[in-house]
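Quick note: numbers below take in every heavy atom, side chains included, and nothing from hydrogens, waters or symmetry partners. A quick note: this is a predicted structure, and the numbers were derived from the prediction, not measured. First the proteins, then the strands, lettered A, B, ... as listed; each starts at 1.
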Amino acid sequence: MKRMKNGQALATLAAAAALLLGLPAAAFAKFNLPPPQSPIAQQIYDLHTLIMWIIVVVFVVVFGAMTYSIVMHRKSIGHQAVPFHENTTVEILWTIVPFVILLGMAYPATKTVLAMRDTSNPDITIKATGYQWKWGYDYLTGEGQGIGFYSTLSTPRDQIDGKAPKGENYLLEVDNNLVVPVGKKIRIITTANDVIHAFWVPALGIKQDAIPGFVRDTWFKADKEGTYRGQCAELCGKDHGFMPIVVEVVSAEQYAAWVGDQKKKLAALADDPNKTWTPDELKVRGEKVFAQNCVACHQATGMGVPGAFPALVGSPVVLGPDAVQISVMLNGVVKNGKPTAMASFKELSDVELAAVMTYTRNAWSNAGKAKDPLIEPADVKAARK
Amino acid sequence: MSAVINTDGHGHDDHGHPTGIKRWLTTTNHKDIGTMYLWFSFTMFLIGGVLALGIRAELFQPGLQLWRPEFFNQLTTMHGIIMVFGAIMPAFVGFANWLIPMQIGAPDMAFARMNNWSFWLLPAAASLLIISFFMPGGATAAGWTLYAPLTVQMGPGMDFAIFALHIMGASSIMGSINIVTTILNMRAPGMTLMKMPMFVWTWLITAYLLIAVMPVLAGAITMTLTDRHFGTTFFNAAGGGDPVMYQHIFWFFGHPEVYIMILPAFGIVSEIIPAFSRKPLFGYSSMVYATSSIAILSFIVWAHHMFTTGMPTTAQLYFMFATLLIAVPTGVKVFNWIATMWKGSLTFETPMLFACGFIFVFSMGGFTGLVCAIVPVDIQIQDTYYVVAHFHYVLVAGSLFALFAGVYFWLPKWTGHMYDEVLGKLHFWLSMIFFNLTFFVMHFLGLAGMPRRIPDYSPQFTDFNMIASVGAFGFGLTQLLFLYIVIKCIRGGEKASDNVWEGAKGLEWTLPSPPPYHTFETPPVVK
C-alpha cells in the first residue's frame, strides 16, 4: 500500500514538472524508471522512490533555510551582520543527523543487493556473449538447452540515415529475440568476444558487464509476458549504440513450442546421414571445416609454422594411406607417451572429418599428389568403431 | 590583520624584465604564470565546448545526421579529456599561482623556474591532443576513461592521448610539489596553518591528492601503451591479464581526481560567501577537517564507478557504505556555508551570485550522487544519461561555477578595474538557466533508459534531447559573453580600490589593485 502511495505522490510531482515543461500529460512515464517487470526491478524502483523522497525533504529543509536567509538577511533591507562563527552543538547535530539518514537508506539497499546477487537455483541458464556489435545467446541448462543463435539489430540502414521514416522500435529491434518463459528464474551468464559490453534490460532490473575472458552472472524472473527492450551499456566501439537486446517473455506453452521449433531448425542444419557426397561437395565443405578447426596452427597456406606446427603441404600423412590420416584425426598424435598439440578431433562428425581430409589432399600443391584423393564419410565411420 | 605593505620601496619593476613574447616564455613570476594558466584553460574550455556542441548537434534528433559513429565517439572522448585535464585542472592551478603567494604573504612560488616549466608543458600536451584528430583513424574514441581492451583497438591517436596525459601528469605533479612547498615553508610570520585562508587549505590538500594519484594514472596508461605495442597482456585475459584491473587502477586515480577538481572550488566559495555575508566563515576548523575527510575517503571508494563489473557482493556493500559516508563531510560544508550566510548582511554581486548558484546546483549533483551510490539503483543508471547529468552538476555547476565566481571576485584585484556588473549578472543568469536546461532533462533520459556515449537513439528520447541541445548551445554562446566581460575589464573600467569588496578579508586585499609585479618581498606580519 505504501508503495502505491509513494507512486501516486511521485506521479503528481511528475505531473507538475510536466506542466512546467509544457509537455502532454501522457508523457509522465518518461520522468521515472520504466515500469518494473520483475521482483528485483520493483525493489529498485521502490528504493529509488524512497531515496528521492528523502532527498526532497532534505532539499526543502536545507534550501528553505538558504532561501530564507537570502530573502531576510539582505543588506538592502538593512539587516546587520551578527558575527557568530561557531556552535558546537549545531555542528555535532548536523554531522550525526545525516549519518542516521544514510543508515536508513543503506538498510533497504543492502537487502536488495543480497537478493539481486543470489543467482542460485535457476530454472534456465543462458549465456549472453557480447560481440562487436551484436549479442550471441546460448541456452546452457534447463528447457531449451542446446539452442544458440545471434541477435543483431534489424533496423534498416535507411531509417538510421534518415532516408526512410523511423519505425516504432527504431534501434530497439533485433532479428532474433531472446525468448524466455514467464515466472521462471532465468540466470544470464555474460561474457564477451572482443571488448567489454554490458547486458542491460531496464524493465527487468538487470545490468551486467560482459567481459572478454571472464564470466559474470545476473538473474531475473519476469512477472508478465511481454517484450522488454534494452541496449548495450558499455562503450564498445563504433556501433555501441546499435546492439540492442530484446527479451520476449512468453507463457510456458509458447516457450515449449518455441523450443521445439528451434530444435527442429538445429536438426535441419545437421548433415543428413543418408546423403551421398560428391568429391567437389566434400572439398567445399572441408575448406570450411579447415577454416574453423585447423587454420590457427596449420595456417591457410597449409605450410604450418616451422618448428611448432607441421606443414600439411607435402606431408606424408596427408598424401599417404587413408587409414593413417584417419587415425591421426580420431586419436591425435602422441609422442613419447605424451599428447601433442595435434589433439583428437573425434568430436567432429564423419562428414566433417572426411571433408576436411579430402580438402587437405586436394588443396595447395597437394593437388594430384595423393594416392587416394578422396576420403568418404563411410571410411571414417568404419574407422571409429 | 594589520600587515604593513611597502610596495614601492623596492619594486623590481624598475630593474626591467623581458617584455613582449619573451616575458611570457621566460617568466618565473607567479602572477604571469597564473595568468597564462587561466588563459590556457579558457582556450581549452572553448575547444572542449565546441566538441560538446558537436555532440549535442548530432543528438538534437534521432538518426545519424552530422557525424559517423566513430567520429562521434572521438567527440565524447576528447570532450572529456580536454575539459578535465585541459580546462578545469589548469584553471585551478592558475588560481593557485595567482593567489597562494598573495594570500600567505610570500613573494612568489617556492620553485619559480619549475613553475614556468609546469605551465609550458601544457601547450605541448594540448597540441598532441589536437593533432591526434588528424592521425589515421582520428583521435582516441575509447571514452575519457580509456577502458581496456577497447584502447588496444584504437589508432595512433590513442598513443598521442597517452603521451599527452603523461605530460599533463608531470605538469600537475610539479605544480603540486610547488604548491605544497610554498604553503608549508613560505607563510608570513604569524600565519599558522589554522589561520590560512580556506582556499590555501583546500589547495594544500588537493596538491597531496595530485601527488598521490597522478602516478597511478601514468601507470595505467603506460600498461595500456605496452599492451598496445609491446605484446604485454596486463589487461588481456588470453595472456593472464584482466580488463577489469584497468578499471580498478584507473578509478583509484579517478575518484580522488573528482575531488581534485572540486576541493579548490570549495576553497573559492569559502572565501566568497563570508565576504558578501560580511561575517567570518562559520566553522572554519570543521571546514578543514571536512575537506581532509573527503580527501581521505576519496581513496577508498573507487569501485563505486564499477558496480556493474561483477565484484563480490561484500565488495559492493562495502563500496556503497563508504560512498554514502562521503555525504557526511560534504553535508557539513554545505551547512557551514548556509550558516555563514545566516544572519549576515548579504549583497549579491556577481561572485556571490555564482557562489550561491554553486551551493544550490552543486548540492543537486550531490543528491544524485547519493542515488548513484545505492548499488541496486546504480545498476539501473550506471552508464546512462543520469550519470552524465550527475557529473555535469558537480563539474560544471560545481567546479566551473566556482571558477567563474573566483574570477569575478579577484578580477578587480588582478586587473585594477571593476568588471561590468550588469553584464556579469547577465552571465550568471544565462549560465544558470541554460545549464539547467541542458542537464536537468538528462536525469529523465537516464532513468528512461538512454545509455551514454551513443550517437543515435530511440525516438522516445527525442524531446528531452532537443531541450538539452538547445540549452547546450545557449550555454556555449553565453561563455563568449564571459570572454567579452573579462577583456573589457582588462582594458579599462572603473578603478578598483585596494580592498575591492566591503567584506573581503585576507592579505591579498591589503595589496594595491592591480598588485605590483613583485609583492611581499618583505613578509607581512599576521597577528
Side-chain angles (χ1 to χ4, degrees), chain A residues 30-34 43-44 47-48 51 55 62-63 65-66 69-70 73-75 79-83 85-86 91 94-95 98-99 102 105-106 109-110 112-113 116-117 160-162 166 170-172 195-196 198 202 207-209 211-214 216 231 233-241, chain B residues 62-65 69-70 143 147 149-150 153 237-238 243-244 277-283 286 308-310 313 316-317 320-321 324 327-328 331-332 334-335 338 341-347 360 367 370-371 374-377 379-380 382-383 444 447-449 451 453-459:
Chain A
K30 295 176 151 184
F31 295 92
N32 207 336
L33 291 165
Q43 287 188 36
I44 294 175
L47 208 50
H48 177 255
I51 291 160
I55 288 174
V62 173
F63 290 100
M66 185 169 149
S69 180
I70 287 175
H73 303 150
R74 302 173 85 93
K75 193 187 180 193
H79 194 271
Q80 296 288 317
V82 185
H85 57 86
E86 53 189 9
E91 288 178 67
W94 70 38
T95 309
F99 190 79
L102 291 174
M105 289 160 68
T110 304
T112 305
V113 171
M116 66 193 280
R117 293 305 298 267
I160 296 171
D161 290 334
K166 293 180 177 32
Y170 177 72
L171 293 189
L172 296 178
V195 300
I196 301 177
K207 183 188 285 153
Q208 180 59 57
D209 285 4
I211 300 157
F214 292 85
R216 298 285 194 261
Q231 283 178 271
E234 182 65 59
L235 179 62
C236 56
K238 178 169 80 74
D239 283 347
H240 163 53
Chain B
L64 292 175
Q65 289 85 29
E70 50 272 34
Y147 275 9
L150 188 56
Q153 297 183 346
V244 179
S277 304
R278 292 164 181 80
K279 265 182 66 189
L281 181 68
F282 185 91
S286 72
T308 61
T309 55
T313 309
Q316 280 193 335
L317 291 175
M320 174 169 76
F321 299 147
L324 288 173
V328 175
V332 165
V334 173
F335 301 144
I338 294 176
M341 292 167 69
W342 192 256
K343 295 201 173 166
S345 182
L346 302 171
T347 52
F360 181 70
F367 286 136
L370 278 179
V371 176
I374 302 294
V375 174
V377 183
I379 293 292
Q380 284 285 36
Q382 181 264 358
D383 259 324
F444 302 133
L447 288 175
R453 294 165 168 168
I454 56 171
D456 192 4
Y457 51 84
S458 164

Original post:
Relative to chain B, which segment of A/M66 carries a heavy atom at a distance below 4.5 Å: side chain, backbone, both, or neither?
Top reply: both
Original post:
Just by distance, do the side chain of A/K166 and the backbone of A/L171 share a donor-acceptor pair under 3.5 Å?
Top reply: no
**OP:** Would you check if B/L370 and A/L102 make a side-chain contact, meaning some heavy-atom pair closer than 4.5 Å?
**Re:** yes
Original post:
Between CH2 of B/W342 and NZ of B/K279, what distance do you get to the nearest 0.5 Å?
Top reply: 10.0 Å
Original post:
Picking from A/I211, A/I55, A/I51, which has the most non-hydrogen pairs under 4.5 angstrom with chain B?
Top reply: A/I55
Original post:
Do A/D209 and A/R216 have side chains that get closer than 4.5 Å, going by heavy atoms?
Top reply: no
Original post:
Which of the residues A/R117, A/Q43, A/H240 is involved in the greatest number of heavy-atom pairs with chain B at under 4.5 angstrom?
Top reply: A/R117
Original post:
Side chain, backbone, both or neither: which part of B/F367 has an atom under 4.5 Å from a heavy atom of chain A?
Top reply: both
Original post:
By a 4.5 Å heavy-atom criterion (distance strictly below it), what part of A/L172 contacts chain B: side chain, backbone, both, or neither?
Top reply: side chain
Subject >> Closest non-hydrogen atom pair between B/L447 and A/F31, with its separation >> reply: CD1-O, 3.6 Å
Original post:
Does any heavy atom of chain A fall under 4.5 Å from the side chain of B/Q153, the backbone, both, or neither of them?
Top reply: side chain
Subject >> Best-contacting candidate, B/G63, B/G143, B/P280, B/S345, against chain A by heavy atom pairs under 4.5 angstrom >> reply: B/S345
Original post:
Of the listed residues (B/T308, B/V371, B/I454), which shares the most heavy-atom pairs with chain A below a 4.5 Å separation?
Top reply: B/T308
**OP:** Would you check if the side chain of A/K238 reaches a backbone N or O of B/P69 as a donor-acceptor pair within less than 3.5 Å?
**Re:** no
Subject >> Side-chain donor/acceptor of A/H79 to backbone N/O of B/G344, under 3.5 Å >> reply: yes
Original post:
Is the shortest heavy-atom distance from the side chain of A/I196 to the side chain of A/C236 under 4.5 Å?
Top reply: no
Subject >> OG1-CE distance between A/T110 and B/M320, expressed to the nearest 0.5 angstrom >> reply: 3.5 Å
Subject >> Interface moiety of B/P149 toward chain A, non-hydrogen atoms closer than 4.5 Å >> reply: both
Subject >> A/L235 versus chain B, the contacting section by heavy-atom distance below 4.5 Å >> reply: both
Subject >> Under 4.5 Å from any heavy atom of chain B - which part of A/E234 >> reply: both
Original post:
When you measure from the side chain of B/R278 to the backbone N and O of A/A81, does any donor-acceptor pair fall under 3.5 Å?
Top reply: no
**OP:** Examine whether an atom of B/Q316 lies under 4.5 Å from a heavy atom of chain A, and if so say whether it belongs to the side chain, the backbone or both; otherwise answer neither.
**Re:** side chain
**OP:** Kindly assign one of parallel, tilted or perpendicular to the pair B/F360 and A/F63, based on the angle between their ring planes and the thresholds 30° and 60°.
**Re:** perpendicular
**OP:** Select, from B/D456, B/V375, B/D383, the one with the greatest count of heavy-atom pairs under 4.5 Å involving chain A.
**Re:** B/D456
**OP:** Could you check if a side-chain atom of B/L346 sits within less than 4.5 angstrom of a side-chain atom of A/S69, using non-hydrogen atoms only?
**Re:** yes
Original post:
If you count heavy-atom pairs under 4.5 Å with chain B, which of A/D161, A/T112, A/V113, A/T95 comes out on top?
Top reply: A/V113
**OP:** Measure distances from A/A109 to the heavy atoms of chain B and classify the residue's part below 4.5 Å as side chain, backbone, both or neither.
**Re:** both
Original post:
In terms of heavy-atom pairs under 4.5 Å with chain B, which of A/H85, A/Q231, A/Q80 leads?
Top reply: A/H85
Original post:
Side chain, backbone, both or neither: which part of B/M341 has a heavy atom under 4.5 Å from chain A?
Top reply: both
Original post:
Taking all non-hydrogen atoms of both residues, which atom of B/P62 and which atom of B/P459 are closest, and how far apart?
Top reply: CG-CA, 4.2 Å
Original post:
In terms of heavy-atom proximity below 4.5 Å to chain A, should B/Y147 be classed as side chain, backbone, both, or neither?
Top reply: side chain
**OP:** Check B/F321 against A/A106 and note the closest heavy-atom contact, atom names and distance.
**Re:** CE2-CB, 3.8 Å
Subject >> chain B contact via A/Q208 - which portion, at a heavy-atom distance below 4.5 Å >> reply: both
Subject >> Atom group of B/L281 that falls short of 4.5 Å from chain A, counting heavy atoms >> reply: backbone
**OP:** Report the option among B/P376, B/P451, B/A327 that has the most heavy-atom pairs separated by less than 4.5 Å from atoms of chain A.
**Re:** B/P376
**OP:** Among the options A/G241, A/P98, A/A233, A/G162, pick out the one with the most heavy-atom pairs lying under 4.5 Å from chain B.
**Re:** A/A233
Original post:
Taking all atoms of both residues into account, what is the closest heavy-atom pair of A/L33 and B/Q380, and its distance?
Top reply: CD2-CB, 4.0 Å
Subject >> Residue, of B/I379, B/V244, B/L317, that accumulates the most heavy atom pairs under 4.5 Å with chain A >> reply: B/I379
**OP:** Could you tell me which of B/S277, B/G331, B/P243, B/A238 has the largest number of non-hydrogen atom pairs under 4.5 Å with chain A?
**Re:** B/P243
**OP:** Would you mind checking which part of B/Q65 comes under 4.5 Å of any heavy atom in chain A, side chain (CB onward), backbone (N, CA, C, O), both or neither?
**Re:** neither
